[in-house]
Amino acid sequence: MKTRRFAGLAIQEDPSRFLTPSQTVLGLYPELLRALPVGIVLLLLEDPSDAESFRIVDANRARRGNYHADSPNLVGTSLADFPRLLETPIPGQLLATLRGGVACNLGEISYGDDHIRHGVYSVSCLSPLQ
């Protein structure tokens, strides 16, 4: 532990009071996510063998324009709550991306259901294992 003199007083520096770079970035995550001008939805896979178990754990403000006005907050819902989405290749591609640890650009996908307005969405998958 370092000791510094300041105005005649000895001050002990506590190294635990300083954040590491990863702690600083982690602390900025909520602000960065909310400030992005593109819609971001974060999914958590609860059962590695079941693509329907991807659950929405966070989403930013920019994605709100994609939902119908009467849709509830979708955080906490799983892909099983979107039956039309399960008919697309997206769930399988999400699983493959997570297992392979390699980013995947699904391109532009036309989609819409009771929760999400019909439109063409640019979809990319990133894996935290990269």
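Model, not experiment: these values are computed from the prediction. The chain is numbered in sequence order, starting from 1.
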When you look at Ile40 and Leu42, which way does the side chain to side chain contact (heavy atoms under 4.5 Å, CB included) test go after all the steps?
-> CA-CA 7 Å; Ile40 303 289; Leu42 299 177; 4.1 Å; yes

Atom pairs and distances, donor-acceptor, side-chain atoms in residues 102-109, under 3.5 Å, two or more places apart:
{"unit_1": "Asn105", "atom_1": "OD1", "unit_2": "Gly107", "atom_2": "N", "d": "2.8"}

Determine, step by step, whether Leu94 and Phe54 satisfy the side chain to side chain contact (heavy atoms under 4.5 Å, CB included) criterion, reporting the C-alpha distance in whole Å, the side-chain angles of both residues, the deciding distance to 0.1 Å, and the verdict.
-> CA-CA 9 Å; Leu94 291 172; Phe54 275 105; 3.7 Å; yes

To the nearest 0.5 Å, atom OG1 of Thr97 lies from atom CG of Leu45 at 11.5 Å

What distance separates Tyr111 OH from Ile116 CD1, expressed to the nearest 0.5 Å?
-> 5.5 Å

Does the side chain of Val57 reach to within under 4.5 Å of the side chain of Leu43, using non-hydrogen atoms?
-> no

Which pairs, with at least one residue in residues 41-56 and sequence neighbours excluded, count as a salt bridge (charged side-chain N to carboxylate O under 4.0 Å, His left out)?
-> Glu46-Arg55

Going by atom type alone, with no hydrogens or angles, which donor-acceptor pairs under 3.5 Å involve a side-chain atom of residues 79-93 and a protein atom two or more places apart or on another chain?
{"unit_1": "Asp81", "atom_1": "OD2", "unit_2": "Ser78", "atom_2": "N", "d": "2.8"}
{"unit_1": "Arg84", "atom_1": "NH1", "unit_2": "Gly112", "atom_2": "O", "d": "2.1"}
{"unit_1": "Thr88", "atom_1": "OG1", "unit_2": "Leu85", "atom_2": "O", "d": "2.6"}
{"unit_1": "Thr88", "atom_1": "OG1", "unit_2": "Ile90", "atom_2": "N", "d": "3.3"}

